[in-house]
Amino acid sequence: MKIAVCVSHVPDTATKINIAADGKSIDPSGVTYVVNPYDEFAIEEALKTKEKLGGETVAISLGGEANKESLRKALAMGIDNAVLLKDDSNRDSISIAKALAEEIKAQGADLVFCGKQSVDLDNSVTGQLISEILGYNSVSVAVTFNLDGNKIICEREIEGGKEIIETTLPAVITAQKGLNEPRYASLKGIMAAKKKVIEEKQPAQSGSYLEIVAMKRPAAKQAGKIVGTDASAVPELVRLLREEAKVI
Amino acid sequence: MTKILVFIEQRNGQIKKASLEAAKTAADIAKSLNAEISAVAVGNEINSLDSVGGYGVSKVYHLKNAELGNYSSSAYTQALSNFVNANGTEIFFFPATSMGKDLAPRISVKMDAGLAVDCVALNVEGGQIIATRPIYAGKALMDVKINSTKKVFALLPNVFNAGAPSDQKAEVIIENVESPNLNVKTVEIKKAEGKLDVAEADIIVSGGRGMKGPEHFGMIEELANLLGAATGASRAVVDAGWRPHSEQVGQTGKTVSPTLYIALGISGAIQHLAGMRSSKFIVAVNKDKDAPIFQIADYGIIGDIFDVVPKMIEEVKKIKA
Ligand SMILES: Cc1cc2nc3c(=O)[nH]c(=O)nc-3n(C[C@H](O)[C@H](O)[C@H](O)COP(=O)(O)OP(=O)(O)OC[C@H]3O[C@@H](n4cnc5c(N)ncnc54)[C@H](O)[C@@H]3O)c2cc1C
Ligand SMILES: Nc1ncnc2c1ncn2[C@@H]1O[C@H](COP(=O)(O)O)[C@@H](O)[C@H]1O
């Protein structure tokens with residue numbers, strides 16, 4: 001079995017985001033980039049599946065040279081091979097998914113793990129897009145994954161509960177927190193990853209449907225009201241909620 | 001005339017509120033684009049489907065089959081894509097619920113449409129829809145325009161106002177779905193026991209590490225019960241095992257935008273704010289006057305939750321009496 005993991009390279013969630021002079025992108029200076037946190041769950045699930053059932057794992061990332069850092073991290077965790085689809089242009093999710101799907105097909109992968117969401121543009125659509133482009137089955141926002149022969153049983157998080165889903169390979173699964181505990185890369189893994197060659201490919205161009213008109217800061221919230229400094233302020237707080245905000 | 005469609009989500013035969021917000025918003029946009037609007041639902045038996053008429057949509061298609069009661073990504077995608085391609089839909093609106101967010105990208109592939117999800121504002125400018133959506137965990141916003149003829153939008157729940165419905169009823173047109181594709185099948189739904197989910201609640205009472213231990217969450221539950229609210233939590237307390245992950249609000253938990261969010265002993269880390277900053281009113285109780293939560297709170301009390309919360313319970317009991 002060939003297992004693919006899609007890995008995106010994103011600003012650390014704690015970094016401050018500044019909008020660049022063009023007003024349509026973020027200023028990358030001073031921003032630390034990391035493996036997308038949800039993709040660590042995807043990588044871990046690929047590794048666990050391989051350990052249980054055998055096969056080969058490949059990590060794929062579309063983006064610039066810097067994305068190699070995240071691919072390197074995937075290799076250090078234990079992924080067998082890595083491919084960088086080198087592209088510095090600004091693609092929308094559909095265009096990214098087309099290129100990833102193309103590579104997944106070329107790799108002959110029949111099981112694909114993505115993160116639930118990239119914490120940069122927060123789209124949470126790429127896994128679903130890839131599955132429809134390839135005609136694979138898919139489950140998004142999975143918190144459990146079980147593969148037995150050809151049969152998959154997953155739990156998917158929904159409002160107020162979980163859906164228990166049955167499907168079969170080939171499939172795309174998107175990972176939610178809770179799916180597993182991602183392992184740390186071992187020193188040996190880190191050393192081995194340094195020696196591995198990350199294959200570079202030129203993905204086919206495909207136009208973007210989505211155009212970024214502007215990026216902006218959210219309107220600063222008006223400074224709130226400090227109602228008081230101990231429990232004696234509670235009656236006034238309740239009055240404000242009732243009469244001013246009219247929410248209780 | 002441009003054809004606009006809106007997806008009406010049902011679970012257990014009940015229409016979900018987020019899809020009514022989408023219906024009202026789509027109906028308003030149809031008006032300003034001089035377009036034709038209808039709605040579509042997928043399911044088996046659906047209660048009061050004609051009520052969408054009250055939100056400005058006069059025709060609703062019900063794609064029906066006994067096997068479609070539960071969500072199935074394969075069957076719903078098949079039924080909806082057959083429908084939109086036959087109907088000539090150009091613009092398709094979804095609620096950005098767990099179902100809507102799963103479906104919208106799939107349908108966009110089937111329609112060959114551009115896609116904008118988690119929209120928090122939609123403005124029509126020169127005949128074009130400009131969508132605003134949060135990025136980088138809400139640290140920035142992005143305005144986007146879809147340049148393809150066909151377009152799919154998913155609207156964040158609790159952001160758009162459905163308003164009070166008129167008593168208009170929609171015409172319901174049933175279309176039976178033959179042999180649904182159940183390659184991906186929901187075999188069971190596990191409900192979180194008898195609890196209101198943070199993602200759907202109008203009021204949320206959340207506790208953080210300041211609560212000191214799981215044994216103190218009783219007062220959060222009591223306050224939540226009195227207010228008809230859901231209980232939420234920060235990641236710190238979920239990671240500590242004090243509360244279930246289903247209650248976690250934030251970047252790796254749930255994104256919520258209730259009318260009222262009460263943060264008790266939560267510092268307001270950027271990843272927590274990412275999940276709740278669009279709440280209409282935010283109340284914070286924290287003993288640290290410099291806690292970042294106060295920067296986005298509408299009302300704050302700088303004080304000890306162990307004094308303040310019991311008093312809140314007492315006062316709310318008075319007004320509810
Ligand atoms: C990739 C990533 C994703 C994350 N995702 C999330 C997420 O989804 N959700 C989330 O919440 N966090 C998330 N975090 C964690 C986040 O950074 C914070 O660590 C977390 O939100 C802190 O939780 P807290 O506010 O409960 O705890 P703390 O930061 O420890 O704050 C406790 C607060 O309680 C106050 N306090 C203590 N005692 C009292 C008292 N007696 N009375 C009144 N106030 C008191 C203190 O002053 C303090 O402000 C994420 C972090 C990372 C790196
Ligand atoms: N440029 C990319 N390269 C590789 N994988 C990606 C890329 N963008 C998104 N993905 C995958 O798709 C998931 C969801 O991303 P998104 O739809 O952008 O929120 C991520 O967690 C990754 O697994």
Side-chain angles (χ1 to χ4, degrees), chain A residues 11 13-14 17 19 26 37 92-94 119-125 128-129 132-133 137-141 157-168 177-178 209-218 221 224-231 233-235 237-238 240-242 245 247-248, chain B residues 71 73-74 97-98 101-102 105-106 109-110 114-118 130 134-148 183-192 197 199-200 227 245 251-252 259-260 270-271 281 294 296-303 307-308 311-312 315-316 319:
Chain A
T13 58
I17 295 295
I19 292 159
I26 65 155
D92 67 2
S93 299
I94 295 176
V119 303
D120 47 5
L121 298 190
D122 291 330
N123 279 305
S124 56
V125 298
Q128 298 92 301
L129 290 169
E132 293 302 327
I133 294 165
N137 295 324
S138 99
V139 181
S140 62
V141 201
E157 209 174 75
I158 61 168
E159 297 84 359
K162 285 169 190 162
E163 284 170 341
I164 301 174
I165 296 182
E166 276 183 19
T167 188
T168 52
K177 178 179 192 248
Y209 292 149
L210 201 68
E211 181 188 325
I212 299 176
V213 180
M215 284 190 187
K216 54 194 182 191
R217 294 210 152 276
K221 247 189 121 147
K225 192 183 283 183
I226 295 299
V227 188
T229 53
D230 58 36
V234 171
L237 172 68
V238 170
L240 287 167
L241 290 175
R242 205 167 157 78
V247 289
I248 60 171
Chain B
Y71 178 59
S73 59
S74 53
T97 53
S98 63
K101 279 180 88 162
D102 191 59
R106 300 180 194 284
V109 171
K110 298 293 188 185
L115 172 67
V117 299
D118 286 355
I130 308 287
I135 53 176
Y136 298 99
K139 285 182 256 184
L141 293 167
M142 165 165 112
D143 286 344
V144 292
K145 181 163 93 182
I146 299 178
N147 286 327
S148 48
N183 284 344
V184 183
K185 190 174 176 182
T186 301
V187 290
E188 192 190 330
I189 296 179
K190 274 199 207 162
K191 280 217 151 249
D197 191 72
E200 293 190 313
L227 293 169
H245 180 248
Q251 186 161 358
T252 36
T259 321
L260 175 61
I270 186 79
Q271 298 92 350
F281 285 93
F294 285 126
I296 68 155
D298 298 277
Y299 304 114
I301 293 181
I302 301 166
D307 297 333
V308 174
K311 184 77 182 159
M312 285 171 91
E315 288 297 312
V316 172
I319 62 163

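Every chain is numbered from 1 and lettered A, B, ... according to where its sequence line falls, protein lines coming before strand lines.
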Please name the pair of heavy atoms, one in [X] and one in [Y], separated by the smallest distance, quoted to 0.1 Å.
X	Y	answer
A:I165	B:T186	CG1-OG1, 4.0 Å
B:A140	A:P218	CA-CD, 3.9 Å
B:H245	A:E157	ND1-OE2, 3.5 Å
A:V139	B:V184	CG2-CG1, 4.4 Å
A:D122	B:A137	OD2-N, 2.8 Å
A:N123	B:V117	O-CG2, 3.2 Å

| query | Which answer fits A:I94, side chain, backbone, both or neither, if we ask what part of it has an atom under 4.5 Å from a heavy atom of chain B? | reply |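 For A:I94, the contact with chain B is made by the side chain alone.
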| query | A:T167 and B:K185: side-chain donor and acceptor closer than 3.5 Å? | reply |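 Their side chains do not contain a donor-acceptor pair, so the 3.5 Å distance test is not met.
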Measure the spacing between [atom1] of [X] and [atom2] of [Y] and express it to the nearest 0.5 Å.
X	Y	atom1	atom2	value
B:N147	A:L210	CG	CG	8.0 Å
A:K225	B:D298	NZ	CG	10.0 Å
B:E315	A:R242	CD	CZ	11.5 Å

| said: When you measure from the side chain of A:E159 to the backbone of B:S98, do you find a donor-acceptor pair of N or O atoms at a distance under 3.5 Å? | reply: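 Yes: the side chain of A:E159 pairs with the backbone of B:S98.
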| field | When B:I189, B:L260, B:V187 are compared by non-hydrogen pairs under 4.5 Å with chain A, the top option | value |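 When all of B:I189, B:L260, B:V187 are compared, B:V187 has the most.
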